[in-house]
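Worksheet: the structure to be examined is printed underneath.
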Amino acid sequence: MNTEKIKRNVYYTQETTSTNTDAMNSAAPDMSIFLAEFQSNGKGSRGRSWLCAAGDGILMSILLFPTLPPEDIPKITLAAGVAVCKVIRKKGFDAFIKWPNDIVVSGKKVCGILTEKKNERVAVGIGLNVNGGKFDGELCDKATSLFIESGKTFEREELIGLIADEFDSAYKLLNERGFSGLKGDYKKMCVTLGKKIRVELPLTSYEAFAVDITDGGELLITCGEKKEILNSGEVSVRGIYGYV
Ligand code: BTN
C-alpha cells in the first residue's frame with residue numbers, strides 16, 4: 001500500500017489551449033497537476049482533437065520528470081489507465097480498459113489518455129467525461145459520460161483527488177517493478193482480451209484475436225496460425241461489432 005501522500009502543486013485555470021501544453025511549458029515541479037474548465041485546442045490521440053464543453057468534464061494533466069528508461073515511458077499511459085479505471089469502478093460503474101488506454105463504460109468511451117514527451121518532461125493528459133448530457137454526430141455511438149450512464153452528477157474535485165492518488169500508486173509500482181507490477185490489474189480490467197478485433201494500420205486493416213498483454217504492455221494477437229505483438233504507438237484496434 002502507498003502510505004506516503006505525495007505533495008502536489010495544482011494549477012487551475014478557466015480556459016486554456018490544452019492542459020498538456022500548459023504542463024509542458026511550465027516551470028512546475030514533478031507531479032504537478034494542471035486543470036482547466038475548458039480547452040480551446042484540446043489534444044486527442046492520433047492528431048485528433050479532444051472536445052469537452054466548459055465545466056462538463058475533467059481536463060487534467062500530470063507533469064512528470066521520469067527516470068524510467070525510454071522504452072518504459074509509454075507504460076506510464078497504461079498506469080494512468082489502470083488508475084482512472086479503478087476510480088470509475090469505485091464509483092460503481094462497470095468500467096473497463098480498451099487496449100491500450102481508453103476507458104469504456106457500456107461499450108462507449110468515457111475517458112481518453114494522451115501522454116506527451118518533450119526532453120526530460122512527460123505530460124499525462126486525462127480527459128474524463130463526467131457531467132455532460134449528450135454527444136453529437138458520430139460521437140453519439142462511441143462516447144459517453146458518467147452522467148449519461150447513471151443519471152447522477154459527480155463532484156469533479158473529488159474524482160480528481162482519487163485519480164491523482166491512484167495514479168501515484170500505479171506510477172510508484174511502475175517505477176519499482178516495471179509494468180509487471182501493474183499487469184495483473186491491467187489484464188483484469190482489459191475488455192479487449194479474448195475478443196475478435198480489427199487491427200487498423202494507416203494503409204490496411206485486418207481481423208485478429210486478442211490473446212494476452214505482454215510484460216511490455218503490448219497486445220499479443222493471433223491471426224490464423226500467426227502470432228503477432230502489437231505496440232500501442234503503431235496501431236489502433238476496434239471490436240469487430242462496434243467500438244469495443
Ligand atoms: C484520446 O484521444 O483518447 C486522448 C484524449 C486526451 C484528452 C486530455 S484532456 C486533458 C489533456 N489535455 C489535452 O489537450 N489532452 C488531454
Side-chain angles (χ1 to χ4, degrees), residues 8 10-26 28 31-64 73-85 87-88 95-105 107-118 121-132 135 137-146 156-157 159-164 167 189-192 200 217 219 232-239 243-244:
R8 336 174 168 90
V10 178
Y11 303 87
Y12 167 84
T13 184
Q14 281 295 321
E15 179 171 342
T16 185
T17 51
S18 154
T19 55
N20 267 22
T21 308
D22 292 347
M24 283 302 196
N25 293 340
S26 75
M31 304 302 274
S32 293
I33 293 180
F34 292 78
L35 300 167
E37 293 290 343
F38 180 72
Q39 296 181 135
S40 56
N41 191 21
K43 294 184 270 184
S45 47
R46 286 163 219 289
R48 289 187 285 247
S49 46
W50 184 261
L51 303 171
C52 182
D56 274 358
I58 291 176
L59 305 168
M60 164 180 188
S61 299
I62 306 171
L63 173 65
L64 304 170
I73 299 295
K75 296 169 198 158
I76 299 174
T77 321
L78 306 180
V82 167
V84 176
C85 196
V87 170
I88 300 175
F96 296 93
I97 303 171
K98 174 181 169 285
W99 182 86
N101 50 248
D102 285 351
I103 311 301
V104 297
V105 175
K108 294 183 182 181
K109 179 163 168 172
V110 73
C111 174
I113 301 168
L114 175 71
T115 300
E116 295 184 277
K117 183 174 177 343
K118 194 162 82 186
R121 286 158 180 264
V122 165
V124 185
I126 298 169
L128 173 60
N129 303 325
V130 183
N131 294 327
F135 291 90
E138 63 162 34
L139 276 184
C140 176
D141 295 330
K142 290 190 199 150
T144 192
S145 71
L146 299 183
R156 288 175 301 153
E157 213 177 308
L159 290 172
I160 290 163
L162 293 173
I163 292 170
F167 178 77
M189 296 190 276
C190 182
V191 71
T192 311
E200 297 186 334
L219 185 66
S232 63
E234 291 157 11
V235 294
S236 86
V237 300
R238 295 208 168 281
Y243 171 65
V244 171

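Note that the coordinates shown come from a computational prediction; the quantities given were computed from them, not determined experimentally. Atoms within a ligand are numbered from 1 in the order they appear, just like the ligands themselves.
When the salt bridge (Lys or Arg N to Asp or Glu O under 4.0 Å) test is applied to Glu116, the partners found at least two apart in sequence or on another chain are Lys43. Remark: Thr144 pairs with Glu149 by the side chain to side chain donor-acceptor pair (under 3.5 Å) rule, at least two apart or across chains. With sequence neighbours excluded, no residue forms a side chain to side chain donor-acceptor pair (under 3.5 Å) with Arg121.
The shortest non-hydrogen separation linking Asn20 to Val124 is OD1-C, 4.0 Å. Of all the heavy atoms in Ala28 and Leu63, the pair that sits closest is O-CD2, 3.4 Å.
Contact residues for ligand 1 (protein heavy atom closer than 4.0 angstrom to any ligand atom): Ser18, Thr19, Asn20, Gln39, Gly42, Lys43, Gly44, Ser45, Trp50, Leu59, Met60, Ser61, Asp102, Lys109, Gly112, Ile113, Leu114, Gly125, Ile126, Gly127.
A distance-only check finds a donor-acceptor pair linking the side chain of Asn101 to the backbone of Ile113 [under 3.5 Å].
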